[in-house]
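Worksheet: the structure to be examined is printed underneath.
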Amino acid sequence: MKGEEGHPAAPHVHANDTWVGHDTGRNDSHYRLDHAWEHGHFPGEIGRSHVWRLAGGGPGRFWFGGFYFSVAPYDVGFCSDWDWASDSIVIYDDPDHVGWYLAYNVRLGTYVHVEYLGA
């Protein structure tokens, strides 16, 4: 995804709640998991009413509130500017890709696909 002037190159959300960059459909091979929900479903709060603060790690394994996640390999380049020790994120169900969640970075307005790794 190529960014325009003042427009993030990463998947992002516009002020009118339009999710940009999440339009590849259910059969996108970048988000296929051999074992969806291998570590169970995320038991924490999801959606805009609950904001989590990242507490460490990086794209391969990060955590907050005692829960662990990993960024989809295809999305790692989209989160290079995340502060893994303090950014606030919101977790959403991914309606298109089984086994994935969307982690929205409140500070940047961008998001990536993440897999729940357990508590």
Side-chain angles (χ1 to χ4, degrees):
M1 175 180 303
K2 186 176 180 185
E4 299 171 16
E5 183 73 28
H7 207 250
H12 58 280
V13 180
H14 285 172
N16 66 358
D17 288 335
T18 301
W19 289 68
V20 178
H22 199 261
D23 52 3
T24 59
R26 296 183 184 277
N27 296 319
D28 186 333
S29 62
H30 296 113
Y31 306 112
R32 183 182 175 286
L33 291 172
D34 289 334
H35 304 285
W37 313 118
E38 183 173 9
H39 307 285
H41 291 262
F42 176 51
E45 297 284 333
I46 63 171
R48 73 173 58 207
S49 64
H50 196 85
V51 178
W52 297 94
R53 183 165 303 270
L54 295 175
R61 181 179 168 104
F62 66 92
W63 54 89
F64 56 82
F67 302 110
Y68 295 84
F69 285 83
S70 177
V71 174
Y74 185 73
D75 288 8
V76 167
F78 297 137
C79 58
S80 61
D81 50 356
W82 287 32
D83 182 339
W84 297 98
S86 68
D87 270 350
S88 294
I89 64 168
V90 177
I91 300 294
Y92 293 94
D93 281 317
D94 184 333
D96 297 323
H97 308 112
V98 177
W100 294 101
Y101 293 93
L102 299 172
Y104 171 78
N105 185 304
V106 175
R107 176 176 63 89
L108 299 170
T110 60
Y111 66 91
V112 293
H113 291 82
V114 296
E115 181 181 14
Y116 176 62
L117 300 178

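Along the sequence shown, residues carry numbers from 1.
Contact check for Tyr116 versus Ser70: no side-chain heavy atoms found under the 4.5 Å cut-off.
Tyr68 and Phe62 have their aromatic ring centers separated by at least 6.0 angstrom. Tyr104 and Tyr111 have their aromatic ring centers separated by at least 6.0 angstrom.
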Assess whether side chain to side chain contact (heavy atoms under 4.5 Å, CB included) is satisfied between Asp75 and Tyr31, documenting all intermediate values.
CA-CA 10 Å; Asp75 288 8; Tyr31 306 112; 2.5 Å; yes

Checking Ile91 against Phe64 for the side chain to side chain contact (heavy atoms under 4.5 Å, CB included) test, could you report, in this order, the C-alpha distance in whole Å, the side-chain angles of both residues, the deciding distance, and whether it holds?
CA-CA 11 Å; Ile91 300 294; Phe64 56 82; 3.9 Å; yes

After noting the C-alpha distance and the side-chain angles of Asp94 and His113, does the key distance pass the side chain to side chain donor-acceptor pair (under 3.5 Å) rule?
CA-CA 8 Å; Asp94 184 333; His113 291 82; 3.1 Å; yes

Using side chain to side chain contact (heavy atoms under 4.5 Å, CB included), reason through Arg107 and Asp83 one step at a time and then give a plain yes or no.
CA-CA 10 Å; Arg107 176 176 63 89; Asp83 182 339; 4.2 Å; yes

Determine, step by step, whether Trp52 and His50 satisfy the ring pair (Phe, Tyr, Trp, His ring centres under 6.0 Å) criterion, reporting the C-alpha distance in whole Å, the side-chain angles of both residues, the deciding distance to 0.1 Å, and the verdict.
CA-CA 7 Å; Trp52 297 94; His50 196 85; 4.5 Å; yes

If you apply the rule side chain to side chain contact (heavy atoms under 4.5 Å, CB included), what do you find for Leu54 with Trp82, and how did you get there?
CA-CA 10 Å; Leu54 295 175; Trp82 287 32; 4.1 Å; yes

Step by step, would you call Tyr101 with Trp37 a ring pair (Phe, Tyr, Trp, His ring centres under 6.0 Å)?
CA-CA 10 Å; Tyr101 293 93; Trp37 313 118; 5.5 Å; yes

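Relative orientation of the His30 and Tyr74 rings is parallel, given thresholds of 30° and 60° on the angle between their planes.
Residues Phe42 and Ile46 share a closest heavy-atom pair of CD2-CG2, 3.6 Å. Closest of all the heavy-atom pairs between Val114 and Ala103 is CG1-CB, 3.8 Å. For the residue pair Ser80 and Gly77, the shortest heavy atom distance occurs at OG-O, 3.9 Å. Taking each heavy atom of Leu117 and Gly60 in turn, the nearest pair found is CD1-O, 4.4 Å. The minimum heavy-atom distance between Asp93 and Leu102, with the atom names listed, is O-CD1, 4.4 Å. Taking each heavy atom of Gly47 and Tyr92 in turn, the nearest pair found is CA-CE2, 3.8 Å.
In this structure, Arg61 fails the cation-pi test against Phe69, since its NZ or CZ atom is not both closer than 6.0 Å to the six-membered ring centre and inside 45 degrees of the ring normal.
In the hydrophobic cluster analysis, where Ile, Leu, Val, Met, Phe, Trp and Tyr join through side-chain heavy atoms closer than 4.5 angstrom, Trp63 is grouped apart from Ile89.
In this structure, CG in Asp28 is found 9.5 Å from CG in Asp96, a value given to the nearest 0.5 Å. Rounding to the nearest 0.5 Å gives a distance of 7.5 Å between CG of Asn105 and CG of Asp81.
Just one of Glu115, Glu38, His97 meets the side chain to side chain contact (heavy atoms under 4.5 Å, CB included) condition when paired with Leu33; it is Glu115.
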